[in-house]
Protein chains: 2
Amino acid sequence: MPKLIEHAKRKEMIAKAAWKVILEQGMEGASVRNIAKEAGISLGSLRYYFASQNDLLGFARDLIYQKTAERMTRIFKLDMPPKEKIVQVLLDLMPTPGETKLEAEVRLVFKIHARHQGEVFDAEKDSVYLAIKEVMSYLVLLNLLKKDADLHLETERMYSLLDGLALDGMIRPQLLETHKLKRIIVYHLNSICMEEF
Amino acid sequence: MPKLIEHAKRKEMIAKAAWKVILEQGMEGASVRNIAKEAGISLGSLRYYFASQNDLLGFARDLIYQKTAERMTRIFKLDMPPKEKIVQVLLDLMPTPGETKLEAEVRLVFKIHARHQGEVFDAEKDSVYLAIKEVMSYLVLLNLLKKDADLHLETERMYSLLDGLALDGMIRPQLLETHKLKRIIVYHLNSICMEEF
DNA sequence: AATTAATTAATACAGTCGTATTATTATCGG
DNA sequence: CCGATAATAATACGACTGTATTAATTAATT
(Lines give C-alpha, C1' and ligand atoms only; values in the text may rest on other atoms or scores of the structure.)
Protein backbone atom coordinates (compact mmCIF):
# COMPACT_ATOMS: atom_id res chain seq x y z
CA MET A 1 0.00 0.00 0.00
CA PRO A 2 2.28 2.75 -1.17
CA LYS A 3 1.93 6.49 -0.90
CA LEU A 4 -0.99 6.35 1.47
CA ILE A 5 0.62 9.04 3.56
CA GLU A 6 0.51 11.48 0.66
CA HIS A 7 -3.19 11.10 0.13
CA ALA A 8 -4.35 13.98 2.31
CA LYS A 9 -1.62 16.29 1.08
CA ARG A 10 -2.48 15.49 -2.49
CA LYS A 11 -6.13 16.36 -1.95
CA GLU A 12 -5.03 19.64 -0.46
CA MET A 13 -2.80 20.34 -3.42
CA ILE A 14 -5.71 19.77 -5.78
CA ALA A 15 -8.01 21.93 -3.69
CA LYS A 16 -5.47 24.75 -3.79
CA ALA A 17 -5.33 24.44 -7.55
CA ALA A 18 -9.11 24.77 -7.53
CA TRP A 19 -8.78 27.96 -5.48
CA LYS A 20 -6.42 29.45 -8.04
CA VAL A 21 -8.72 28.62 -10.93
CA ILE A 22 -11.69 30.08 -9.06
CA LEU A 23 -9.68 33.18 -8.24
CA GLU A 24 -8.74 33.78 -11.84
CA GLN A 25 -11.79 32.54 -13.71
CA GLY A 26 -14.58 32.41 -11.20
CA MET A 27 -16.87 29.45 -10.60
CA GLU A 28 -17.67 29.41 -14.31
CA GLY A 29 -14.14 28.30 -15.05
CA ALA A 30 -13.89 25.77 -12.24
CA SER A 31 -14.22 22.70 -14.45
CA VAL A 32 -12.53 19.49 -13.41
CA ARG A 33 -10.31 19.71 -16.47
CA ASN A 34 -9.16 23.24 -15.72
CA ILE A 35 -8.44 22.31 -12.14
CA ALA A 36 -6.55 19.17 -13.15
CA LYS A 37 -4.45 21.19 -15.59
CA GLU A 38 -3.72 23.81 -12.92
CA ALA A 39 -2.72 21.02 -10.53
CA GLY A 40 -0.53 19.46 -13.19
CA ILE A 41 -2.25 16.11 -13.07
CA SER A 42 -4.45 14.15 -15.42
CA LEU A 43 -8.19 13.99 -15.36
CA GLY A 44 -8.13 10.41 -14.15
CA SER A 45 -5.80 11.26 -11.32
CA LEU A 46 -8.11 13.95 -10.11
CA ARG A 47 -11.00 11.55 -10.23
CA TYR A 48 -9.06 9.13 -8.10
CA TYR A 49 -9.16 11.62 -5.25
CA PHE A 50 -12.58 13.09 -5.84
CA ALA A 51 -15.51 11.03 -7.04
CA SER A 52 -17.27 14.05 -8.50
CA GLN A 53 -16.90 17.75 -9.12
CA ASN A 54 -19.23 18.40 -6.20
CA ASP A 55 -16.95 16.49 -3.88
CA LEU A 56 -13.96 18.47 -5.06
CA LEU A 57 -15.61 21.85 -4.75
CA GLY A 58 -17.09 20.95 -1.39
CA PHE A 59 -13.69 19.87 -0.13
CA ALA A 60 -12.07 23.04 -1.48
CA ARG A 61 -14.76 25.14 0.20
CA ASP A 62 -14.43 23.42 3.57
CA LEU A 63 -10.66 23.61 3.40
CA ILE A 64 -10.54 27.33 2.79
CA TYR A 65 -12.82 27.99 5.73
CA GLN A 66 -10.66 25.72 7.85
CA LYS A 67 -7.49 27.52 6.79
CA THR A 68 -9.09 30.83 7.65
CA ALA A 69 -10.12 29.53 11.05
CA GLU A 70 -6.59 28.29 11.74
CA ARG A 71 -5.08 31.62 10.76
CA MET A 72 -7.53 33.46 12.98
CA THR A 73 -6.61 31.25 15.94
CA ARG A 74 -2.93 31.86 15.25
CA ILE A 75 -3.31 35.63 15.26
CA PHE A 76 -5.41 35.57 18.40
CA LYS A 77 -2.60 33.80 20.19
CA LEU A 78 0.00 36.37 19.18
CA ASP A 79 1.46 38.51 21.90
CA MET A 80 0.63 42.04 20.85
CA PRO A 81 -1.43 45.01 22.04
CA PRO A 82 -5.17 44.18 22.01
CA LYS A 83 -6.14 46.95 19.66
CA GLU A 84 -3.43 46.06 17.18
CA LYS A 85 -4.46 42.45 17.38
CA ILE A 86 -8.07 43.28 16.60
CA VAL A 87 -7.10 45.32 13.56
CA GLN A 88 -4.81 42.53 12.47
CA VAL A 89 -7.58 39.93 12.71
CA LEU A 90 -10.04 42.01 10.72
CA LEU A 91 -7.50 43.00 8.08
CA ASP A 92 -6.57 39.35 7.68
CA LEU A 93 -10.11 38.65 6.53
CA MET A 94 -9.73 41.16 3.72
CA PRO A 95 -8.26 40.68 0.22
CA THR A 96 -5.08 42.53 1.06
CA PRO A 97 -2.01 41.75 -1.03
CA GLY A 98 -0.59 38.37 -0.10
CA GLU A 99 -2.21 35.13 0.92
CA THR A 100 -5.32 36.70 2.34
CA LYS A 101 -6.23 38.10 -1.06
CA LEU A 102 -6.78 34.64 -2.50
CA GLU A 103 -8.61 33.38 0.56
CA ALA A 104 -10.97 36.32 0.85
CA GLU A 105 -11.90 36.34 -2.81
CA VAL A 106 -12.39 32.61 -3.06
CA ARG A 107 -14.50 32.57 0.11
CA LEU A 108 -16.69 35.22 -1.45
CA VAL A 109 -17.16 33.32 -4.69
CA PHE A 110 -18.07 30.19 -2.74
CA LYS A 111 -20.54 32.17 -0.70
CA ILE A 112 -22.37 33.48 -3.74
CA HIS A 113 -22.15 30.08 -5.37
CA ALA A 114 -23.86 28.48 -2.39
CA ARG A 115 -26.89 30.69 -3.02
CA HIS A 116 -27.53 29.10 -6.39
CA GLN A 117 -27.07 25.58 -5.06
CA GLY A 118 -29.99 25.93 -2.71
CA GLU A 119 -27.64 25.44 0.21
CA VAL A 120 -28.62 27.03 3.48
CA PHE A 121 -25.72 29.09 4.65
CA ASP A 122 -25.12 28.71 8.36
CA ALA A 123 -23.25 31.75 9.61
CA GLU A 124 -22.45 29.95 12.85
CA LYS A 125 -20.26 27.60 10.83
CA ASP A 126 -18.59 30.45 8.94
CA SER A 127 -15.11 30.96 10.33
CA VAL A 128 -15.34 34.61 9.33
CA TYR A 129 -18.48 35.10 11.40
CA LEU A 130 -16.97 33.25 14.33
CA ALA A 131 -13.83 35.38 14.18
CA ILE A 132 -15.93 38.53 14.20
CA LYS A 133 -17.90 37.28 17.18
CA GLU A 134 -14.63 36.70 18.99
CA VAL A 135 -13.47 40.20 18.15
CA MET A 136 -16.69 41.67 19.47
CA SER A 137 -16.48 39.62 22.66
CA TYR A 138 -12.90 40.77 23.02
CA LEU A 139 -14.02 44.37 22.72
CA VAL A 140 -16.58 43.80 25.45
CA LEU A 141 -13.99 42.08 27.62
CA LEU A 142 -11.63 45.02 27.23
CA ASN A 143 -14.53 47.31 28.01
CA LEU A 144 -13.87 49.22 24.81
CA LEU A 145 -17.33 49.05 23.26
CA LYS A 146 -19.55 52.09 23.65
CA LYS A 147 -22.15 51.68 26.39
CA ASP A 148 -25.16 52.14 24.13
CA ALA A 149 -23.92 49.68 21.52
CA ASP A 150 -26.10 46.68 20.66
CA LEU A 151 -23.70 43.75 20.65
CA HIS A 152 -25.72 41.60 18.30
CA LEU A 153 -26.45 44.35 15.81
CA GLU A 154 -22.84 45.47 15.91
CA THR A 155 -21.74 41.95 15.15
CA GLU A 156 -24.06 41.71 12.18
CA ARG A 157 -23.02 45.14 10.99
CA MET A 158 -19.34 44.26 11.20
CA TYR A 159 -19.97 40.99 9.37
CA SER A 160 -21.75 42.68 6.49
CA LEU A 161 -19.28 45.53 6.38
CA LEU A 162 -16.36 43.14 6.03
CA ASP A 163 -18.15 41.14 3.36
CA GLY A 164 -18.84 44.32 1.45
CA LEU A 165 -15.31 45.59 1.87
CA ALA A 166 -13.95 42.30 0.59
CA LEU A 167 -16.26 42.49 -2.40
CA ASP A 168 -15.33 46.07 -3.17
CA GLY A 169 -11.68 45.31 -2.59
CA MET A 170 -11.92 42.55 -5.16
CA ILE A 171 -13.32 44.81 -7.80
CA ARG A 172 -11.78 48.19 -7.08
CA PRO A 173 -8.02 47.70 -6.79
CA GLN A 174 -7.48 51.27 -5.60
CA LEU A 175 -9.20 50.27 -2.36
CA LEU A 176 -6.25 48.02 -1.64
CA GLU A 177 -3.37 50.11 -2.93
CA THR A 178 -4.12 53.15 -0.83
CA HIS A 179 -4.64 51.29 2.44
CA LYS A 180 -8.19 52.53 2.26
CA LEU A 181 -9.36 49.17 3.53
CA LYS A 182 -7.45 49.57 6.76
CA ARG A 183 -8.56 53.17 7.16
CA ILE A 184 -12.21 52.20 6.85
CA ILE A 185 -11.84 49.33 9.30
CA VAL A 186 -10.07 51.49 11.88
CA TYR A 187 -12.62 54.23 11.27
CA HIS A 188 -15.40 51.76 11.95
CA LEU A 189 -13.70 50.50 15.11
CA ASN A 190 -13.36 54.07 16.33
CA SER A 191 -17.02 54.68 15.72
CA ILE A 192 -18.13 51.77 17.91
CA CYS A 193 -15.53 52.13 20.63
CA MET A 194 -14.91 54.62 23.39
CA GLU A 195 -11.16 55.01 22.96
CA GLU A 196 -9.18 55.82 19.84
CA PHE A 197 -7.66 52.97 17.89
CA MET B 1 -40.48 47.62 -41.95
CA PRO B 2 -42.76 46.03 -39.40
CA LYS B 3 -42.45 45.66 -35.67
CA LEU B 4 -39.54 48.01 -35.38
CA ILE B 5 -41.24 49.66 -32.43
CA GLU B 6 -41.21 46.42 -30.53
CA HIS B 7 -37.50 45.98 -30.93
CA ALA B 8 -36.43 47.80 -27.78
CA LYS B 9 -39.16 46.22 -25.70
CA ARG B 10 -38.21 42.80 -26.94
CA LYS B 11 -34.59 43.30 -25.97
CA GLU B 12 -35.77 44.35 -22.53
CA MET B 13 -37.94 41.27 -22.27
CA ILE B 14 -34.97 39.06 -23.08
CA ALA B 15 -32.75 40.91 -20.63
CA LYS B 16 -35.32 40.36 -17.90
CA ALA B 17 -35.38 36.68 -18.71
CA ALA B 18 -31.61 36.74 -18.31
CA TRP B 19 -32.03 38.32 -14.87
CA LYS B 20 -34.35 35.54 -13.80
CA VAL B 21 -31.97 32.84 -14.96
CA ILE B 22 -29.07 34.56 -13.21
CA LEU B 23 -31.16 34.90 -10.06
CA GLU B 24 -32.04 31.24 -9.98
CA GLN B 25 -28.93 29.61 -11.39
CA GLY B 26 -26.18 32.19 -11.16
CA MET B 27 -23.86 33.22 -13.94
CA GLU B 28 -22.96 29.56 -14.45
CA GLY B 29 -26.48 28.92 -15.72
CA ALA B 30 -26.73 32.03 -17.85
CA SER B 31 -26.31 30.27 -21.17
CA VAL B 32 -27.98 31.68 -24.26
CA ARG B 33 -30.13 28.57 -24.47
CA ASN B 34 -31.34 28.82 -20.89
CA ILE B 35 -32.14 32.48 -21.36
CA ALA B 36 -33.95 31.85 -24.63
CA LYS B 37 -36.00 29.12 -22.99
CA GLU B 38 -36.83 31.38 -20.05
CA ALA B 39 -37.85 34.11 -22.50
CA GLY B 40 -39.98 31.64 -24.44
CA ILE B 41 -38.21 32.22 -27.73
CA SER B 42 -35.91 30.20 -29.93
CA LEU B 43 -32.18 30.38 -30.02
CA GLY B 44 -32.24 32.04 -33.43
CA SER B 45 -34.64 34.71 -32.24
CA LEU B 46 -32.37 35.60 -29.38
CA ARG B 47 -29.45 35.85 -31.71
CA TYR B 48 -31.43 38.23 -33.90
CA TYR B 49 -31.43 40.74 -31.05
CA PHE B 50 -28.01 40.04 -29.59
CA ALA B 51 -25.01 39.19 -31.74
CA SER B 52 -23.29 37.37 -28.91
CA GLN B 53 -23.69 36.26 -25.32
CA ASN B 54 -21.43 39.10 -24.26
CA ASP B 55 -23.73 41.61 -25.89
CA LEU B 56 -26.72 40.12 -24.14
CA LEU B 57 -25.12 40.01 -20.72
CA GLY B 58 -23.71 43.49 -21.14
CA PHE B 59 -27.12 44.80 -22.09
CA ALA B 60 -28.76 43.03 -19.17
CA ARG B 61 -26.14 44.45 -16.81
CA ASP B 62 -26.51 48.01 -18.08
CA LEU B 63 -30.28 47.75 -17.98
CA ILE B 64 -30.45 46.65 -14.38
CA TYR B 65 -28.22 49.50 -13.28
CA GLN B 66 -30.39 51.87 -15.30
CA LYS B 67 -33.58 50.53 -13.71
CA THR B 68 -32.04 50.96 -10.30
CA ALA B 69 -31.06 54.53 -11.10
CA GLU B 70 -34.60 55.30 -12.30
CA ARG B 71 -36.13 53.86 -9.15
CA MET B 72 -33.75 55.85 -7.00
CA THR B 73 -34.70 59.06 -8.80
CA ARG B 74 -38.37 58.23 -8.37
CA ILE B 75 -38.07 57.72 -4.62
CA PHE B 76 -36.01 60.88 -4.21
CA LYS B 77 -38.83 62.85 -5.79
CA LEU B 78 -41.46 61.46 -3.43
CA ASP B 79 -43.02 63.82 -0.95
CA MET B 80 -42.23 62.32 2.40
CA PRO B 81 -40.26 63.12 5.54
CA PRO B 82 -36.50 63.29 4.80
CA LYS B 83 -35.54 60.60 7.25
CA GLU B 84 -38.17 58.20 5.95
CA LYS B 85 -37.06 58.91 2.42
CA ILE B 86 -33.45 58.10 3.23
CA VAL B 87 -34.41 54.80 4.82
CA GLN B 88 -36.63 54.04 1.86
CA VAL B 89 -33.81 54.69 -0.63
CA LEU B 90 -31.35 52.48 1.21
CA LEU B 91 -33.85 49.69 1.78
CA ASP B 92 -34.70 49.76 -1.90
CA LEU B 93 -31.13 48.78 -2.67
CA MET B 94 -31.51 45.65 -0.57
CA PRO B 95 -32.89 42.25 -1.54
CA THR B 96 -36.11 42.76 0.35
CA PRO B 97 -39.12 40.73 -0.78
CA GLY B 98 -40.49 42.10 -4.04
CA GLU B 99 -38.84 43.58 -7.08
CA THR B 100 -35.79 44.83 -5.26
CA LYS B 101 -34.83 41.29 -4.31
CA LEU B 102 -34.19 40.34 -7.91
CA GLU B 103 -32.43 43.57 -8.72
CA ALA B 104 -30.11 43.51 -5.72
CA GLU B 105 -29.11 39.90 -6.17
CA VAL B 106 -28.54 40.17 -9.91
CA ARG B 107 -26.49 43.35 -9.48
CA LEU B 108 -24.31 41.49 -7.01
CA VAL B 109 -23.76 38.54 -9.33
CA PHE B 110 -22.84 40.90 -12.15
CA LYS B 111 -20.44 42.70 -9.87
CA ILE B 112 -18.57 39.55 -8.97
CA HIS B 113 -18.70 38.37 -12.55
CA ALA B 114 -17.02 41.59 -13.69
CA ARG B 115 -14.02 40.70 -11.54
CA HIS B 116 -13.30 37.59 -13.54
CA GLN B 117 -13.71 39.38 -16.85
CA GLY B 118 -10.84 41.71 -16.11
CA GLU B 119 -13.24 44.63 -16.28
CA VAL B 120 -12.36 47.68 -14.24
CA PHE B 121 -15.32 48.51 -12.09
CA ASP B 122 -15.97 52.23 -11.99
CA ALA B 123 -17.94 53.01 -8.84
CA GLU B 124 -18.77 56.45 -10.19
CA LYS B 125 -20.88 54.74 -12.84
CA ASP B 126 -22.56 52.46 -10.31
CA SER B 127 -26.07 53.69 -9.68
CA VAL B 128 -25.89 52.22 -6.19
CA TYR B 129 -22.81 54.24 -5.36
CA LEU B 130 -24.34 57.38 -6.83
CA ALA B 131 -27.52 56.89 -4.81
CA ILE B 132 -25.48 56.51 -1.64
CA LYS B 133 -23.52 59.66 -2.43
CA GLU B 134 -26.84 61.47 -2.82
CA VAL B 135 -28.06 60.15 0.50
CA MET B 136 -24.88 61.32 2.20
CA SER B 137 -25.12 64.75 0.60
CA TYR B 138 -28.72 64.88 1.71
CA LEU B 139 -27.67 64.11 5.27
CA VAL B 140 -25.16 66.94 5.13
CA LEU B 141 -27.76 69.28 3.66
CA LEU B 142 -30.16 68.43 6.47
CA ASN B 143 -27.33 68.95 8.91
CA LEU B 144 -27.94 65.50 10.35
CA LEU B 145 -24.47 64.07 10.04
CA LYS B 146 -22.29 64.08 13.13
CA LYS B 147 -19.75 66.88 13.15
CA ASP B 148 -16.70 64.66 13.38
CA ALA B 149 -17.82 62.36 10.57
CA ASP B 150 -15.59 61.97 7.54
CA LEU B 151 -17.93 62.30 4.58
CA HIS B 152 -15.83 60.31 2.15
CA LEU B 153 -15.10 57.50 4.56
CA GLU B 154 -18.73 57.39 5.62
CA THR B 155 -19.75 57.09 1.99
CA GLU B 156 -17.36 54.23 1.39
CA ARG B 157 -18.43 52.55 4.61
CA MET B 158 -22.09 52.82 3.69
CA TYR B 159 -21.37 51.46 0.21
CA SER B 160 -19.56 48.42 1.52
CA LEU B 161 -22.07 47.86 4.29
CA LEU B 162 -24.95 47.79 1.82
CA ASP B 163 -23.07 45.45 -0.49
CA GLY B 164 -22.39 43.14 2.40
CA LEU B 165 -25.95 43.32 3.66
CA ALA B 166 -27.22 42.48 0.20
CA LEU B 167 -24.86 39.53 0.03
CA ASP B 168 -25.85 38.26 3.45
CA GLY B 169 -29.51 38.88 2.69
CA MET B 170 -29.14 36.68 -0.37
CA ILE B 171 -27.73 33.80 1.55
CA ARG B 172 -29.34 34.03 4.96
CA PRO B 173 -33.10 34.30 4.44
CA GLN B 174 -33.73 35.00 8.10
CA LEU B 175 -32.06 38.38 7.60
CA LEU B 176 -35.00 39.34 5.41
CA GLU B 177 -37.87 37.71 7.24
CA THR B 178 -37.24 39.40 10.54
CA HIS B 179 -36.75 42.91 9.16
CA LYS B 180 -33.21 42.64 10.42
CA LEU B 181 -31.99 44.36 7.29
CA LYS B 182 -33.98 47.47 8.11
CA ARG B 183 -32.95 47.38 11.74
CA ILE B 184 -29.27 47.30 10.82
CA ILE B 185 -29.65 50.11 8.30
CA VAL B 186 -31.52 52.32 10.76
CA TYR B 187 -28.99 51.40 13.44
CA HIS B 188 -26.19 52.47 11.15
CA LEU B 189 -27.93 55.73 10.30
CA ASN B 190 -28.36 56.44 13.99
CA SER B 191 -24.69 55.84 14.58
CA ILE B 192 -23.58 58.41 12.04
CA CYS B 193 -26.25 61.02 12.71
CA MET B 194 -27.00 63.39 15.54
CA GLU B 195 -30.74 62.84 15.77
CA GLU B 196 -32.68 59.60 16.10
CA PHE B 197 -34.08 58.03 12.98
C1' DA C 1 11.64 -11.03 -6.84
C1' DA C 2 6.63 -11.51 -6.68
C1' DT C 3 2.43 -9.70 -5.33
C1' DT C 4 -0.84 -6.31 -4.31
C1' DA C 5 -2.76 -1.97 -4.04
C1' DA C 6 -2.12 2.94 -5.07
C1' DT C 7 -1.75 5.92 -8.77
C1' DT C 8 -1.68 7.49 -13.36
C1' DA C 9 -2.78 8.07 -18.28
C1' DA C 10 -5.73 7.63 -22.17
C1' DT C 11 -9.90 7.30 -24.25
C1' DA C 12 -14.96 7.36 -24.77
C1' DC C 13 -19.71 8.89 -24.03
C1' DA C 14 -23.68 11.79 -23.96
C1' DG C 15 -24.87 16.37 -22.99
C1' DT C 16 -24.27 21.37 -23.25
C1' DC C 17 -21.77 25.31 -24.66
C1' DG C 18 -21.36 29.65 -28.10
C1' DT C 19 -21.73 30.62 -32.66
C1' DA C 20 -23.19 30.28 -37.41
C1' DT C 21 -26.07 29.23 -41.37
C1' DT C 22 -30.18 28.40 -43.64
C1' DA C 23 -34.98 28.34 -44.70
C1' DT C 24 -39.37 29.85 -43.30
C1' DT C 25 -42.95 32.79 -41.57
C1' DA C 26 -45.05 37.26 -40.50
C1' DT C 27 -45.94 42.06 -41.31
C1' DC C 28 -45.52 46.26 -43.03
C1' DG C 29 -45.05 50.02 -47.14
C1' DG C 30 -45.85 50.47 -51.84
C1' DC D 1 -51.37 42.15 -54.31
C1' DC D 2 -46.28 42.39 -54.13
C1' DG D 3 -41.98 42.87 -52.59
C1' DA D 4 -38.99 44.16 -48.82
C1' DT D 5 -37.71 43.35 -44.34
C1' DA D 6 -38.37 42.14 -39.58
C1' DA D 7 -38.69 38.04 -37.09
C1' DT D 8 -38.65 33.18 -36.17
C1' DA D 9 -37.45 28.36 -36.34
C1' DA D 10 -34.47 24.56 -37.28
C1' DT D 11 -30.28 22.59 -37.78
C1' DA D 12 -25.23 22.05 -37.67
C1' DC D 13 -20.45 22.71 -36.15
C1' DG D 14 -16.50 22.21 -33.12
C1' DA D 15 -15.29 22.88 -28.42
C1' DC D 16 -16.08 21.95 -23.82
C1' DT D 17 -18.64 19.84 -19.92
C1' DG D 18 -19.04 15.81 -16.04
C1' DT D 19 -18.64 11.18 -15.67
C1' DA D 20 -17.07 6.57 -16.70
C1' DT D 21 -14.07 2.79 -18.19
C1' DT D 22 -9.91 0.66 -19.22
C1' DA D 23 -5.08 -0.34 -19.41
C1' DA D 24 -0.53 0.89 -17.88
C1' DT D 25 2.59 2.36 -14.41
C1' DT D 26 4.44 2.99 -9.76
C1' DA D 27 5.81 1.61 -5.20
C1' DA D 28 5.58 -0.74 -0.88
C1' DT D 29 4.88 -5.33 1.46
C1' DT D 30 5.63 -10.24 1.69
Side-chain angles (χ1 to χ4, degrees), chain A residues 1-62 109-110 113-114 116-119, chain B residues 1-61 109-110 112-114 116-119:
Chain A
M1 306 170 186
K3 286 194 177 176
L4 196 118
I5 312 159
E6 303 284 344
H7 199 85
K9 285 186 182 176
R10 206 122 176 87
K11 288 187 76 170
E12 270 208 31
M13 183 272 273
I14 296 174
K16 286 178 181 175
W19 296 348
K20 197 172 178 192
V21 173
I22 290 171
L23 177 72
E24 290 166 356
Q25 308 185 48
M27 210 52 92
E28 299 98 297
S31 69
V32 285
R33 283 176 177 83
N34 280 346
I35 294 170
K37 187 185 297 179
E38 176 65 42
I41 61 174
S42 77
L43 192 57
S45 307
L46 189 147
R47 193 171 158 64
Y48 181 79
Y49 293 98
F50 297 102
S52 72
Q53 187 187 35
N54 255 349
D55 284 349
L56 167 52
L57 293 181
F59 182 85
R61 169 175 45 78
D62 293 345
V109 174
F110 271 123
H113 181 69
H116 306 296
Q117 301 290 100
E119 297 175 21
Chain B
M1 307 169 186
K3 289 194 176 178
L4 196 117
I5 312 159
E6 304 282 345
H7 198 87
K9 285 186 181 177
R10 207 122 175 86
K11 288 187 75 170
E12 268 208 31
M13 184 272 273
I14 296 174
K16 286 177 181 176
W19 295 349
K20 198 173 178 191
V21 173
I22 290 171
L23 177 73
E24 290 167 356
Q25 307 187 48
M27 208 52 91
E28 299 97 298
S31 69
V32 286
R33 283 176 176 83
N34 280 346
I35 295 170
K37 187 185 294 176
E38 176 65 42
I41 62 175
S42 77
L43 193 57
S45 308
L46 189 147
R47 192 171 157 63
Y48 180 79
Y49 294 97
F50 298 100
S52 73
Q53 187 187 34
N54 256 349
D55 284 350
L56 166 54
L57 293 180
F59 182 85
R61 169 175 44 80
V109 175
F110 270 123
I112 286 227
H113 181 68
H116 305 295
Q117 300 291 99
E119 296 175 20

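Below, each value reflects all heavy atoms present in this structure, side chains not excepted, and no hydrogens, waters or symmetry copies. Residue numbers start from 1 in every chain, and the chains themselves are labelled A, B, ... in the order their sequence lines are given, proteins ahead of strands.
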Inset, instruction - Kindly state which residues belonging to residues 20-29 of chain A come within less than 4.0 angstrom of DNA chain D, counting heavy atoms of the residue only, listed by number. - result: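 Contacts with DNA chain D under 4.0 Å: none.
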
Legend entry - Counterpart residues, ring-ring contact (aromatic ring centres under 6.0 Å, His included), relative to B/F110 (two or more places apart):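 Partners of B/F110 under the ring-ring contact (aromatic ring centres under 6.0 Å, His included) test: none.
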
Would you say [X] reaches [N]'s phosphate, i.e. side-chain N/O to OP1/OP2 under 4.0 Å?
X     : N      : answer
A/S45 : C/dA9  : yes
A/Y49 : C/dT8  : yes
B/S31 : C/dT16 : no
B/Y48 : D/dA7  : yes

Sequence neighbours left out, cut at 3.5 Å: what donor-acceptor pairs do the side chains of residues 25-38 of chain B make with other protein atoms?
| from | atom 1 | to | atom 2 | distance (Å) |
| --- | --- | --- | --- | --- |
| B/E28 | OE2 | A/H113 | ND1 | 2.7 |
| B/S31 | OG | B/N34 | N | 3.1 |
| B/S31 | OG | B/N34 | ND2 | 3.4 |
| B/N34 | ND2 | B/G29 | O | 2.8 |
| B/E38 | OE2 | B/K20 | NZ | 3.4 |

Legend entry - For B/S42, side-chain contact (heavy atoms from CB on, under 4.5 Å) partners two or more places apart: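 Partners of B/S42 by the side-chain contact (heavy atoms from CB on, under 4.5 Å) criterion, ordered by chain and then number, come out as B/S45.
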
Legend entry - Qualifying residues under side-chain contact (heavy atoms from CB on, under 4.5 Å), relative to A/D55, sequence neighbours excluded: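 side-chain contact (heavy atoms from CB on, under 4.5 Å) check on A/D55 returns A/F50, A/A51, A/S52.
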
Inset, instruction - Encode nucleotides 19-25 of chain D as B, S and - characters from 5' to 3', where the letter depends on protein heavy atoms closer than 4.0 Å: B to the base, S only to sugar-phosphate, - to neither. - result: BBB----

Legend entry - Results of salt bridge (Lys or Arg N to Asp or Glu O under 4.0 Å) for A/E12 - residues two or more places apart only: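 Testing A/E12 for salt bridge (Lys or Arg N to Asp or Glu O under 4.0 Å), a comparison that skips the adjacent residues, returns A/K16, A/K67.
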
Inset, instruction - Looking at every strand, decide which applies to B/D55 at a 4.0 Å heavy-atom threshold: base, sugar-phosphate, or nothing. - result: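 Here B/D55 touches no strand at all.
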
Inset, instruction - Could you give me the stems involving DNA chain D, meaning stretches of three or more consecutive Watson-Crick or G-U wobble pairs whose two defining distances are both below 3.5 Å? - result: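 Detected stem regions: C:1-27 with D:4-30.
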
